[in-house]
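Right, one structure below, let's go through it.
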Amino acid sequence: MRKVIISLAPVAGPSPVDPDRLAEDVVKSVQKGAAMCHLHCKKRTGELTPDTCVIIESFEKICAKCDVVVQASTGGISNMTIEERCNPLEYWRVESASLNGGSTNLGEAVYRNSFDDIRYCARQCYEREILPETEVFDIGMINNVEMVAKEQPFREPVLYNLVFGHKGGMQPTMEALAAFRSFVPEGRLWGVTHFGRDNWTFLAAAIAMGATVVRIGFEDSPYLDEQTNAQYNYQVVEKLVQLIRAMGLEPATPAEARQILNLAPKSKNGAAPSKCNTAAGCGGTCGGNCKCHSHDTKKQTGMIDIESIVRQVMAELK
């Protein structure tokens with residue numbers, strides 16, 4: 001029986017991140033049928049950041065309670081360099097990561113992803129045995145990535161995520177889906193994201209056309225039905241599982257997803273420390289695998305750490 005990988009993107013836009021609540025929701029989502037979790041590198045207050053404290057703390061709490069394929073984003077609208085955007089790739093648990101396939105208008109902003117950015121991100125992924133999931137917002141981006149793949153060969157499988165619904169990108173119509181799908185080269189895996197989703201028919205059509213991965217979650221839409229928005233991510237996962245099973249298919253488990261995507265086993269041995277600082281707001285709870293100086297004895301014993309306070313203020317001023 002064909003298996004469909006459910007990828008969960010649980011944090012909406014600039015929403016604050018509470019690692020404990022997030023972990024609880026993601027764990028329930030995995031229990032309902034999600035196999036992968038996609039997180040951006042954010043501060044607790046919701047802003048994108050090169051600091052990896054909060055994403056590490058979140059995934060550590062999630063992985064302590066369930067098995068899930070760990071996927072880190074290297075994207076989002078920000079002023080970060082591509083090097084800073086790739087900081088999460090140093091976290092040892094990351095198995096897959098977004099690879100943005102080109103520049104586009106994203107909402108009212110310009111989302112910049114040059115060929116050099118594509119090359120750099122792809123190289124960083126493959127050096128760490130991380131599977132890139134190429135995010136494509138228009139058909140030309142598929143050609144961009146295929147060109148780069150000839151310059152620095154990609155390993156199998158190559159996975160495309162066809163993204164619909166953003167202002168400035170392809171819109172979620174059946175005609176656009178059919179056209180987009182027709183440009184995915186033979187032998188490549190593909191999945192779909194429906195941003196701003198207000199129905200389930202588009203995802204159903206993608207599944208029927210052979211999508212390997214379907215992304216769901218509050219980053220894209222909390223929609224359950226015409227009268228209801230979900231309160232928790234696990235509710236939209238549960239409904240997607242019902243849809244998949246109604247089509248005679250099954251959601252993939254995390255282990256099955258790794259097999260489908262040929263993901264390499266990950267080990268903490270030799271893992272690099274995260275790039276973070278006190279401005280990330282981990283509060284010393286990210287497990288100590290960082291350079292943020294939030295774990296020293298002065299802070300833990302209740303003494304005022306003037307150096308950390310100054311460092312945080314200076315970081316905010318930047």
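Note that the coordinates shown come from a computational prediction; the quantities given were computed from them, not determined experimentally. Note that these values count all heavy atoms, side chains included, but never hydrogens, waters or copies made by symmetry.
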Practice task
Answer with yes or no after comparing the ring centroid distance for His194 and Phe164 against a 6.0 Å cut-off, counting only values under it.
Solution key: no
Practice task
Could you tell me whether the side chain of Asp138 and the main chain of Thr104 form a donor-acceptor pair under 3.5 Å?
Solution key: no
Practice task
With sequence neighbours excluded, tell me which residues meet ring pair (Phe, Tyr, Trp, His ring centres under 6.0 Å) with Phe195.
Solution key: His166
Handout entry: Lys/Arg cation over aromatic Trp190: Arg188, 6.0 Å, 45° cone
Key = no
Practice task
Check whether any side-chain heavy atom of Glu57 sits under 4.5 Å from a side-chain heavy atom of Arg44, and report yes or no.
Solution key: yes
Problem - Ser29 (side chain) donor-acceptor with Tyr234 (main chain) under 3.5 angstrom - result: yes
Handout entry: Close side-chain approach of Asp67 and Val30, heavy atoms under 4.5 Å
Key = no
Exercise for the section: Check side-chain hydrogen bond (donor to acceptor under 3.5 Å, both in side chains) between Asn144 and all other residues, then give those that pass, not counting sequence neighbours. Expected result: none
Handout entry: Leu22 reachable from Val68 in the ILVMFWY side-chain graph, under 4.5 Å edges
Key = yes
Practice task
Check whether the side chains of His40 and Glu219 place a donor and an acceptor atom closer than 3.5 Å, and report yes or no.
Solution key: yes
Problem - Test item: Asn87 side-chain N/O and Pro50 main-chain N/O as donor-acceptor pair under 3.5 Å - result: yes
Practice task
Kindly indicate whether the side chain of Gln152, heavy atoms from C-beta on, has any atom under 4.5 Å from the side chain of Arg119.
Solution key: yes
Problem - Test: Arg123 and Glu151 ion pair at under 4.0 Å - result: no
Handout entry: hydrophobic_cluster_shared for Ile55 and Ile62, side chain cutoff 4.5 Å
Key = yes
Handout entry: Side-chain donor/acceptor of Gln235 to backbone N/O of Gln231, under 3.5 Å
Key = yes
Practice task
Spell out, yes or no, whether Ile82 and Met141 are grouped together once hydrophobic residues are joined by side-chain heavy atoms under 4.5 Å, including indirect joins.
Solution key: no
Exercise for the section: Decide whether Val184 and Phe137 are clustered together by the hydrophobic rule: side chain heavy atoms of Ile, Leu, Val, Met, Phe, Trp, Tyr closer than 4.5 Å, transitively. Expected result: yes
Problem - Sequence neighbours excluded - ring pair (Phe, Tyr, Trp, His ring centres under 6.0 Å) pairs with any residue from residues 50-73 - result: none
Practice task
Determine whether the side chains of Thr201 and Asn199 contain a donor N or O and an acceptor N or O closer than 3.5 Å.
Solution key: yes
Practice task
Look at atom CZ of Arg21 and say whether more than 12 heavy atoms of other residues, nucleotides or ligands are closer to it than 6.0 Å.
Solution key: no
Practice task
Taking side-chain hydrogen bond (donor to acceptor under 3.5 Å, both in side chains) as the test, write out the residues that go with Asp18, two or more places apart.
Solution key: none
Handout entry: Donor-acceptor contact below 3.5 Å, side chain Gln171 vs main chain Gly169
Key = yes
Handout entry: ring pair (Phe, Tyr, Trp, His ring centres under 6.0 Å) against Phe183, all qualifying residues, sequence neighbours excluded
Key = none
Completion exercise
side chain to side chain donor-acceptor pair (under 3.5 Å) with Arg85: of Asp117, Thr74, Asn113, only one passes, and it is Asn113
Handout entry: Glu133/Arg215 under salt bridge (Lys or Arg N to Asp or Glu O under 4.0 Å): CA gap, chis, key distance, verdict
Key = CA-CA 12 Å; Glu133 178 188 87; Arg215 198 171 96 173; 5.2 Å; no
Practice task
Considering only NZ, NE, NH1 and NH2 on the basic side and carboxylate oxygens on the acidic side, decide whether Asp51 and Lys43 come within less than 4.0 Å.
Solution key: no
Problem - Phe218 side chain reached by Pro10 side chain, heavy atoms, under 4.5 Å - result: no
Completion exercise
When Val69, Thr253, Ile5, Leu131 are each screened for side-chain contact (heavy atoms from CB on, under 4.5 Å) with Arg258, the one that passes is Val69
Completion exercise
Taken in chain and number order and not counting sequence neighbours, the residues that satisfy side chain to side chain contact (heavy atoms under 4.5 Å, CB included) with Lys65 are Val27
Handout entry: For Arg128, side-chain hydrogen bond (donor to acceptor under 3.5 Å, both in side chains) partners two or more places apart
Key = Gln124
Practice task
Give a yes-or-no answer on whether the side chains of Glu135 and Asn100 include a donor-acceptor pair shorter than 3.5 Å.
Solution key: no
Problem - Backbone N/O of Arg197 and side chain of Ser221: donor-acceptor pair under 3.5 Å - result: yes
Handout entry: Set of salt bridge (charged side-chain N to carboxylate O under 4.0 Å, His left out) partners for Lys167, sequence neighbours left out
Key = Glu108
Practice task
List for me each residue that meets ring pair (Phe, Tyr, Trp, His ring centres under 6.0 Å) alongside Tyr160, sequence neighbours excluded, and say none if there are none.
Solution key: none
Handout entry: Side-chain touch Pro172/Leu177, heavy atoms, less than 4.5 angstrom
Key = no
Exercise for the section: For Tyr223, look at atom OH and say whether over 12 heavy atoms of other residues, nucleotides or ligands are found less than 6.0 Å away. Expected result: yes
Problem - Shared hydrophobic cluster, Met80 / Tyr120 (ILVMFWY, side-chain heavy atoms < 4.5 Å) - result: no
Practice task
For residues Ile244 and Glu250, determine if any side-chain heavy atom of one lies less than 4.5 Å from a side-chain heavy atom of the other.
Solution key: no
Exercise for the section: Would you mind checking if Asp20 and Lys61 are paired as a salt bridge, meaning a charged N to carboxylate O distance below 4.0 Å? Expected result: yes
Practice task
Decide yes or no for Leu159 and Val213: does some side-chain heavy atom of the first lie under 4.5 Å from some side-chain heavy atom of the second?
Solution key: yes
Just list the side-chain donor-acceptor pairs under 3.5 Å for residues 236-243, sequence neighbours left out, or say none.
from, atom 1, to, atom 2, distance (Å)
Glu238, OE2, Lys32, NZ, 3.3
Lys239, NZ, Leu224, O, 2.9

Practice task
Using a strict cut-off of less than 4.0 Å between a Lys/Arg side-chain nitrogen and an Asp/Glu carboxylate oxygen, indicate whether Lys28 and Asp25 qualify as a salt bridge.
Solution key: no
Handout entry: Side-chain donor or acceptor of Ser15 paired with backbone N/O of Val11 under 3.5 Å
Key = no
Exercise for the section: For the pair Asn161 (side chain) and Thr134 (backbone), establish whether a donor and an acceptor sit closer than 3.5 Å, ignoring hydrogens and angles. Expected result: no
Handout entry: Glu226 CD: over 12 foreign heavy atoms closer than 6.0 Å
Key = no
Practice task
Only counting residues at least two apart or in another chain, list the ones meeting side-chain hydrogen bond (donor to acceptor under 3.5 Å, both in side chains) with Glu24.
Solution key: none
Handout entry: Neighbour count >12 (heavy atoms, 6.0 Å) for atom CD, Glu129
Key = no
Problem - Tyr126: ring pair (Phe, Tyr, Trp, His ring centres under 6.0 Å) partners, not counting sequence neighbours - result: Phe154
Exercise for the section: Using the side-chain contact (heavy atoms from CB on, under 4.5 Å) rule, pick out the option among Cys125, Cys86, Pro132 that qualifies with Leu99. Expected result: Pro132
